[in-house]
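Data first, discussion second: the structure below is written as C-alpha cells.
Throughout, protein chains are lettered first and strands after them, A, B, ... in sequence-line order, and every chain is numbered starting at 1.
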2 protein chains.
Amino acid sequence: MKSKKNKATKGEMELLEVLWKLGSSTVRQVHDILNEQTQGKEKSYTTTLKFMQNMLEKKLVSREIIDNKHLYQATISEKESLNEKISKIVENTFQGSPGNLVLQILGNHKTSTEELQKIREYLDEIDTNQQPKK
Amino acid sequence: MKSKKNKATKGEMELLEVLWKLGSSTVRQVHDILNEQTQGKEKSYTTTLKFMQNMLEKKLVSREIIDNKHLYQATISEKESLNEKISKIVENTFQGSPGNLVLQILGNHKTSTEELQKIREYLDEIDTNQQPKK
DNA sequence: ATTTTTCTACGATTTATTTCGTAGGAAGAT
DNA sequence: ATCTTCCTACGAAATAAATCGTAGAAAAAT
C-alpha cells in the first residue's frame, strides 16, 4: 500500500550507470570500476556493498544468486531512465516541445555529416509512414 | 586560486529554475512561486532565504541591491546549464554522438509535424551553408 | 512616533546521504 | 583441517543538505 518514491540519489545513479555498462555483476566488479574511474580518494568496498544493499531495498536493483555469487542488475534500463530525464527537460525548458530540444542540440553540439544524414533519413522514413492517406 | 566545484544540489537546481523563469527577483518572489508549485508541506520563508544565501556564497547566483531590495539572479543561464547536461548524456550514453541522442528523442517523444518540418529546414540550412566549397 | 509588517543574518536542528568498521560465514589454498 | 582470503549483513559514525527559529534592522502603516 506504500508505493514510495524510491528515487535514486546522485550517488546511486553512478552505480546504476556502472551496472548499465556491465550488465549483471557482482559488488566487486562494480566497486572496481567505480574506484578505477575515480581519481583521488578510494572508497572502501563496504561502501559500495552498502549502496547495493540500499538500492536492493529501494528496488533500484534486483539480485540473484548464481553459482553462489550475488549478481546485481538494474531494474530500470538506461533508456527508460534517459527518457524520463528528457521528458523532464522538454517539459521544463521547452514547453513540451521535443522538437525544440532537438534543435537546441543540433545547434550546440557538433554533429558529423553522417549523423545528420541519418537524422534526415529518419525524418524521411516518418514521412512516408505517415502520409499513406493516399 | 581555488576554483571550487560549487555544483548545485538538487534543491538549489529548483531555485535556479525559478530564477530562470522570473529573471532577477527577490527572495519573496522566488519563495512564493516555489510554494505555489509545491503541493503539500509548505516550506518556511527562511528556508528559501537560506538557500539564496548559500547559493550566493557558492556563486550560483549574484545579488544586487536596487531600491533597497535584494535582487538575485542566476549566474549561469538555463541554456548553459542545459548544454552541460546534454553533453554529459551524450558522453555517457551515446559515445559522444549527439546525433544518436537526437534519434533517441525523435523515436521516443511525440513530435508534431510542424516541429519535424522545422528540424528538416534546419538541416537543409546547415547543408547549404556547409557545401559552399566552390 | 509608535506599532506592525517584512526583511536579512546567523546559528542550530533535523533529515538524508555517504562512508566505514566489525563480526561472522563461506570458499579456496596449503 | 587450519589458515587466509573474500564475502555479506548490520550498525554506527561522518558528512552533506535542507529546514526552521530567533534577533534585530529597515520599511510601511497607523
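- A distance-only check finds no donor-acceptor pair linking the side chain of B:H31 to the backbone of B:T47 [under 3.5 Å].
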Could you tabulate the donor-acceptor pairs under 3.5 Å formed by side-chain atoms of residues 66-80 of chain A, not counting sequence neighbours?
| from | atom 1 | to | atom 2 | distance (Å) |
| --- | --- | --- | --- | --- |
| A:H70 | ND1 | A:R63 | NH1 | 3.4 |
| A:Y72 | OH | A:R63 | NH1 | 3.2 |
| A:T75 | OG1 | A:K59 | O | 2.8 |
| A:T75 | OG1 | A:L60 | O | 2.9 |
| A:S77 | OG | A:K79 | N | 3.4 |
| A:S77 | OG | A:E80 | N | 3.0 |
| A:S77 | OG | A:E80 | OE1 | 3.3 |
| A:E78 | OE2 | B:T93 | OG1 | 3.2 |
| A:E80 | OE1 | A:S77 | N | 2.9 |

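- Here salt bridge (Lys or Arg N to Asp or Glu O under 4.0 Å) pairs that include residues 111-124 of chain A, with residues two or more places apart or in two chains, are A:R120-B:D127.
- At whole-Å resolution of the value, CG in A:L49 and C1' in D:dG11 are 13 Å apart.
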Between N or O atoms, less than 3.5 Å apart, protein on one side and nucleotides 20-24 of chain D on the other: list the pairs.
| from | atom 1 | to | atom 2 | distance (Å) |
| --- | --- | --- | --- | --- |
| D:dC20 | OP2 | B:S44 | N | 2.8 |
| D:dC20 | OP2 | B:T47 | OG1 | 3.3 |
| D:dG21 | N7 | B:T46 | OG1 | 3.4 |

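- Along DNA chain C, the stretch of nucleotides lying under 4.0 Å from any heavy atom of chain A spans, 5' to 3', C:dT17 to C:dA27.
- Only B:R63, B:H70, listed by number, bring a heavy atom of residues 63-73 of chain B to less than 4.0 angstrom from any atom of DNA chain C.
- Applying the side-chain contact (heavy atoms from CB on, under 4.5 Å) criterion to B:N92, with sequence neighbours excluded, gives A:E17, B:K88.
- Residues that satisfy the side-chain hydrogen bond (donor to acceptor under 3.5 Å, both in side chains) test with A:S44, not counting sequence neighbours, are A:T46.
- Between the side chain of A:N6 and the backbone N or O of A:K58 there is at least one donor-acceptor pair closer than 3.5 Å.
- For B:E64, the CD atom is densely surrounded, since the number of other residues' heavy atoms within 6.0 Å is greater than 12.
- Rounded to whole angstrom, the span from the CE atom of B:M55 across to the P atom of D:dA18 amounts to 10 Å.
- For the atom pair CD1 (B:I119) and OH (B:Y122), the distance works out to 11.0 Å, reported to the nearest 0.5 Å.
- The NZ atom of A:K50 lies 14.0 Å from the OH atom of A:Y45; values are rounded to the nearest 0.5 Å.
- Ion pairing of B:E12 with B:K7 is absent here, as no side-chain N (NZ or NE/NH1/NH2) approaches a carboxylate O to less than 4.0 Å.
- Counting to the nearest Å, the P atom of D:dA17 and the NZ atom of B:K7 are 10 Å from each other.
- Contact check of residues 8-17 of chain A against DNA chain C (heavy atom, cut-off under 4.0 Å) returns A:T9, A:G11.
- Scored by the side-chain contact (heavy atoms from CB on, under 4.5 Å) test, A:V18 finds A:L22, A:V30, A:I33, A:L34, A:Q37 as partners (sequence neighbours excluded).
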Check step by step if side-chain contact (heavy atoms from CB on, under 4.5 Å) holds for B:S81 and B:L16.
-> CA-CA 10 Å; B:S81 166; B:L16 282 180; over 6 Å; no
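- Residues passing the side-chain hydrogen bond (donor to acceptor under 3.5 Å, both in side chains) test with A:E91: none are found, sequence neighbours excluded.
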Run the numbers on B:M55 and B:L15 for side-chain contact (heavy atoms from CB on, under 4.5 Å), then give the verdict.
-> CA-CA 9 Å; B:M55 291 167 79; B:L15 285 232; 3.9 Å; yes
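- Regarding A:L56, its CG atom lies at a distance of 12 Å from the P atom of D:dT8, rounded to whole Å.
- Rounded to whole Å, the distance from NZ on B:K58 to C1' on D:dA18 is 12 Å.
- The stretch residues 22-37 of chain B has no heavy atom under 4.0 angstrom from DNA chain D at all.
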With a cut-off of 3.5 Å and sequence neighbours excluded, list every side-chain donor-acceptor pair involving residues 99-111 of chain B.
| from | atom 1 | to | atom 2 | distance (Å) |
| --- | --- | --- | --- | --- |
| B:N100 | ND2 | B:S97 | OG | 3.2 |
| B:Q104 | NE2 | A:N83 | OD1 | 2.9 |
| B:N108 | ND2 | B:Q104 | O | 3.0 |
| B:H109 | NE2 | A:N83 | OD1 | 3.2 |
| B:T111 | OG1 | B:H109 | O | 2.6 |

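- No donor-acceptor pair under 3.5 Å is formed between the side chain of B:T38 and the backbone N or O of B:E36.
- To the nearest angstrom, P of D:dA16 lies 14 Å from CG of B:N54.
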